Amino acid sequence: MLDFLGNLERTHMCGTLRAADAGKHVVLMGWVNRRRDHGSLIFLDLRDRSGIAQVVLDHDLVPEGHAKGEHVRPEYVVAAVGKVRLRSQEAINPKMPTGEIEIEATELRVLNDARLAPFSPSEEAIQNEEVRLKYRYLDLRRAEMQRNFRLRHEITLAIRESLSRQGFLEIETPILTKSTPEGARDFLVPSRVHPGEFYALPQSPQIFKQILMISGFDRYFQIARCFRDEDLRADRQLEFTQIDLEMSFPRQETVFSVVEQFMKAAFAAAGVDLLIPFPRISYDESMRQFGTDKPDLRLPGLTDVRSAFTDDALATLQIDPALPIVALRIPSVGELSRKEREDNHPLFDLKKGAKFIDDFKRLAKSFPEAAVKVRELAHAAEEDFLIVVAGDPAHHIKASDTKFPGRLSEREINVYAAAGNFRAELAKKYADKHGAFRITDEIVQRAAARNAASDPLVDGSQAFHPMWLTDFPMFEYDLASGKWVPAHHPFTAPCESDMANLVSDPASVRANCYDLAMNGLELGSGSIRIHRKDVQQVIFRALGISEEEARARFGFFLDALEYGTPPHGGIALGLDRIVMLLAGAGNLREVIAFPKTAKAIDLMAEAPTTVTEQQLKDLHIRAAMKS
Ligand code: ASP
């Protein structure tokens, strides 16, 4: 028999009670985390989102409550009325924040029962993720998940407050809208009212936030949901949340400073002190040093080892002398067998026109001096794993050799990228050996263990490495089509000094855009926008977007540009990724309440599903056979 809640009102949260509360009358409500039956005494660990308190049902004091306690099972929902008392010395549990006290119950109400759960929310780690996702409501009851979502709330709140303080207004933009050009596939929603016509879910609020600048709002932000129909990865979901902002009359530095302020606030909300301003690096320099535009500074970068090789050595090794020759070093890996090295080979991207040498013993036999010099240049210790990556003349890719003073050619970029990707993959694989990522886990744990918001923040400078990336090329060479294609959305402004070359020399043009990277993740990207219609038209032309196509896709925006558009720019940062970093999680699913699996399925709601014939008919749609 279940009890009614009646007039009973909760007085305290379970996890907040301390020794100083002894003697207080309390009413607690929550779930039975564990139950221990000691005959005349039954102990219930009562759990709510604040934590756990121990309730004692003493047969002599509350015979009726004790009798109910005999039938109570884990995850039953109960209300316990009683008095806080200090535990006897030997019963104190120093591991529990409420371990010094317990509740001597005077009444127990069983508000609801529960089926036997497929796993217990009191378990720390549950291996089977599919079961976790199917029973997400139980999974979310676990302390770790409760912590992640509290953290997410605190971080989001801090960001909102920081942006509001910096003069930004939060304005919502539509979800049912027109396609936004972020380079992914759209999710389409058929219109019932307009047969054969579709809305698109926004890939980002890009066009609307620019229009808000035309509308004179000066500074806009939104914690915005974005939708992109892409393949899922550990750091990518179909729908995700961006901290999206736009401002009028900014320079790059203005945007950087706004972001640094709110990032500092977000990290502080998680207990971590983040140093600002963030360092900056140009795209080319980042490729040279790390082989990627999202560098992870916790590991050594690439080293230029060209000087270790004579021209003869390069010829014998069949290495292209005109392309970069770099070494990557993964510390403390120890000696690897040939088999172990071969297992790594699929991690190297052969499509970038590069090759690698990972057998240093063999290299040392044929070119002892070069082998020693490479080790020296890369500062490699005996147990470090060293690999040389270089251009492969036998597999020259179809890339452009166009070179501008001080800039990297596409072919060079590809060799660096091959080294950078290999570095990132091997760093993941040998994480236990080099231990370089451990510092981040440690700092996250120390930050989480702070007792009060007033405790000093934990220094995050060794654990989190933010980096602004600037001076991206405006165009990329598309290997498949052999054409220059836009590297960013088409509203990104070119650098003013490169404007003259837009048509004659697209490869030379840099974009006025920037990325924020941290620990090997891209956290966000943005740009100064094109605010003049004449420039926008030139860019469309340079991007191969015809006038008709531009009108059909964003005619409304082109019109708006003609009514007094201020210079403007902005950025969007991935909120989920920031929370993932600060929660010390390895997957976005740990910080999104109801995520999709890698196969794009919501296992709990069982979406997507088929719909009825009638629904399709209403939408003027005929379904093709399910493949
Ligand atoms: N709309 C861009 C994106 O979603 C960000 C920006 O340019 O502000 O990546």
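We count ligands from 1, going down the list as the structure has it; atoms in each ligand are counted the same way. A quick note: this is a predicted structure, and the numbers were derived from the prediction, not measured.
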Using heavy atoms and a threshold below 4.0 Å, how should the contact between H489 and ligand 1 be classified: side chain, backbone, both, or neither?
-> side chain
Heavy-atom nearest neighbour of atom 5 (C) of ligand 1 within options G526, S527, G574, S525 | S525
Electrostatic pair E130-K599, nearest N-O below 4.0 angstrom | no
Does ligand 1 have any atom sitting under 4.0 Å from a heavy atom of R529?
-> yes
At a non-hydrogen distance cut-off of under 4.0 Å, which region of E246 contacts ligand 1 (side chain, backbone, both, or neither)?
-> neither
Considering only NZ, NE, NH1 and NH2 on the basic side and carboxylate oxygens on the acidic side, decide whether E522 and K294 come within less than 4.0 Å.
-> no
S204 neighbourhood, listing ligand 1 atoms whose heavy-atom distance to it stays under 4.0 Å = 1 (N), 4 (O)
Measure centre to centre between the rings of F262 and F221, then say whether the value is under 6.0 Å.
-> no
Return yes when K209 approaches ligand 1 closer than 4.0 angstrom through a heavy atom, no otherwise.
-> yes
Using 4.0 Å as the upper bound for N to carboxylate O, is an ion pair formed by K264 and E260?
-> no
Report, in ascending order of atom number, the atoms of ligand 1 lying under 4.0 Å from any heavy atom of A572.
-> 5 (C), 8 (O)
Which ligand 1 atoms are under 4.0 Å away from a heavy-atom of I571?
-> 8 (O)
Look at R551 together with D559 and state whether they make a salt bridge at an N to O cut-off of under 4.0 Å.
-> yes
Spell out, as yes or no, whether a donor-acceptor pair under 3.5 Å connects the side chain of R423 to the backbone of L302.
-> no
E182-ligand 1 polar pair, N/O distance under 3.5 Å | yes
Salt-bridge criterion met for R553 and E549 (N-O under 4.0 Å) | yes
Is R228 touching ligand 1 with its side chain, its backbone, both, or neither, if touching means heavy atoms under 4.0 Å apart?
-> side chain
Sub-4.0 Å atoms of ligand 1 with respect to non-hydrogen atoms of Q206 = 1 (N), 2 (C), 5 (C), 6 (C), 7 (O), 8 (O)
Numbered in order shown, the ligand 1 atoms found under 4.0 Å of a heavy atom of Q242 are 3 (C), 4 (O)
For the pair D139 and R136, find out whether any cationic side-chain nitrogen is under 4.0 Å from an anionic carboxylate oxygen.
-> yes
